[in-house]
Amino acid sequence: VYFEEQDWNNAIAPLERAYSLSLSKGYFTPKIRLELINYLGQLYVQRAYSEPKDKAQQKADYAKADGYITAWMKQTPHPTPDDQLRYASLLYQEALLDSDKVDLALIKRAKAETEKGLRLSIEPKENFYVLLLACLQQEEDYKDSAKLLEVLVAKNPTKKEYWSQLFSTYVTLQDNVRAILTLERAQTHGFLN
């Protein structure tokens, strides 16, 4: 009923109760239990995104979502690239929750999950590269950031933001020759004039 009414917050308690009873009493098949875990993870992510003012609640929701989705990923024999991206994005968002101090352990996990997702597809979505780039930048790994940005500008030469990020990365690395070459390459596409 709560799902039908799109009342996601109130749907959490009955789902958690159903999952708990399923574990203790064996009411549902493993497939149904897996679906319950997946729903719970998604609902907690949804609530975490929609409750940005209450940091303590948001942090608790991210932790719950992380726990459920981690359990779901471990029990899912063949996660899809979208599953991997959703999981990696959750970890990244959770890592940035405290604006004063980024959780680098979570960034490392997000990076690892993103890399898994990149290997699940012959032609990965651009979002994987962008998320991996964000992780590398949070780790201040500018050398690998530059390599990844080179991939992004090769795949998407018409995206101005990639050119400017690549230029800035080379400047940060004090690689003036590559910074100048990046400017010249970007200008052939009409950017950074």
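Here, residue 1 is the first one in the sequence, and each next residue gets the next number.
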Open item on the list: Once rounded to the nearest 0.5 Å, what's the spacing between atom CZ of Phe167 and atom CD1 of Ile180?
Closed with: 8.0 Å
Task: Exam field: side chain Ser145 to backbone Asp141, donor-acceptor pair closer than 3.5 Å - done: yes
TODO: Return yes if some donor-acceptor pair links the side-chain N/O of Arg33 with the main-chain N/O of Leu23 below 3.5 Å, else return no.
DONE: no
- [ ] Determine, using the 4.5 Å side-chain heavy-atom cutoff (strictly less than), whether Leu133 and Leu106 are members of one ILVMFWY cluster.
- [x] no
Task: Single-linkage hydrophobic cluster Tyr87~Leu85, side-chain heavy atoms < 4.5 angstrom - done: no
Open item on the list: So Lys111 and Glu115, do their side chains get closer than 4.5 Å, heavy atoms only?
Closed with: yes
Task: Under the ring pair (Phe, Tyr, Trp, His ring centres under 6.0 Å) test, residues paired with Phe3 that sit two or more places apart - done: Trp8, Tyr39
- [ ] Taking only Lys NZ, Arg NE, NH1 and NH2, and the carboxylate oxygens of Asp or Glu, determine whether Asp82 and Lys125 approach each other closer than 4.0 Å.
- [x] yes
Open item on the list: Walk me through whether Lys116 and Glu113 qualify under salt bridge (Lys or Arg N to Asp or Glu O under 4.0 Å).
Closed with: CA-CA 5 Å; Lys116 282 183 196 174; Glu113 294 302 326; 3.2 Å; yes
Open item on the list: Let me confirm one number: the CD-OG distance from Gln84 to Ser121, rounded to the nearest 0.5 Å.
Closed with: 12.0 Å
Task: Lys/Arg N to Asp/Glu carboxylate O, Glu16 vs Lys64, below 4.0 Å - done: yes
Open item on the list: Do Val130 and Leu136 land in one hydrophobic cluster if side-chain heavy atoms of ILVMFWY residues count as linked below 4.5 Å?
Closed with: yes
- [ ] Starting at CH2 of Trp72, measure out to CD of Gln42 and round the result to the nearest 0.5 Å.
- [x] 8.0 Å
Open item on the list: Pairing donors with acceptors under 3.5 angstrom, does anything connect the side chains of Thr70 and Asp66?
Closed with: yes
- [ ] Treat each ILVMFWY residue as a node, draw an edge where side-chain heavy atoms are under 4.5 Å apart, and state whether Leu36 and Leu34 are in one component.
- [x] yes
Open item on the list: Considering only residues two or more places apart or on different chains, which pairs with a residue in residues 123-142 satisfy ring pair (Phe, Tyr, Trp, His ring centres under 6.0 Å)?
Closed with: none
Open item on the list: Any heavy-atom pair between the side chains of Asp83 and Thr80 that's under 4.5 Å?
Closed with: yes
- [ ] Would you check if the side chain of Trp163 reaches a backbone N or O of Pro157 as a donor-acceptor pair within less than 3.5 Å?
- [x] yes
Task: Check: Val153 and Thr182 side chains under 4.5 Å, non-hydrogen atoms - done: no
Open item on the list: Please give me the minimum heavy-atom distance between Tyr92 and Cys135, naming the atom from each residue.
Closed with: CD1-SG, 3.9 Å
Open item on the list: Please tell me whether Leu118 and Ile107 are part of a single hydrophobic cluster in this structure, the criterion being side-chain heavy atoms less than 4.5 Å apart.
Closed with: yes
Task: Ring geometry between Tyr68 and Tyr19 (parallel below 30°, tilted from 30 to 60°, perpendicular above 60°) - done: perpendicular
Task: Reported CD-to-CG distance for the pair Glu35 and Leu15, which is rounded to 0.5 angstrom - done: 11.0 Å
- [ ] Verify the distance criterion only: is there a donor paired with an acceptor across the side chains of Gln58 and Asp54 at less than 3.5 Å?
- [x] no
Task: pair Arg86-Met73: side-chain heavy atoms closer than 4.5 Å - done: no
Would you list the atom pairs, donor with acceptor, under 3.5 Å between side chains in residues 186-193 and any protein atom, with sequence neighbours excluded?
unit_1, atom_1, unit_2, atom_2, d
Gln187, NE2, Leu192, O, 2.9
Thr188, OG1, Arg185, O, 2.5
Asn193, ND2, Gly190, O, 3.4

Open item on the list: Could you check whether Lys147 pairs with Asp144 (Lys NZ or Arg NE/NH1/NH2 to Asp/Glu carboxylate O, under 4.0 Å)?
Closed with: yes
Open item on the list: Just verifying a value: how many Å separate Leu152 CG and Glu126 CD, rounded to the nearest 0.5 Å?
Closed with: 6.5 Å
Task: Any donor-acceptor pair under 3.5 Å from Asn156 side chain to Lys159 backbone - done: no
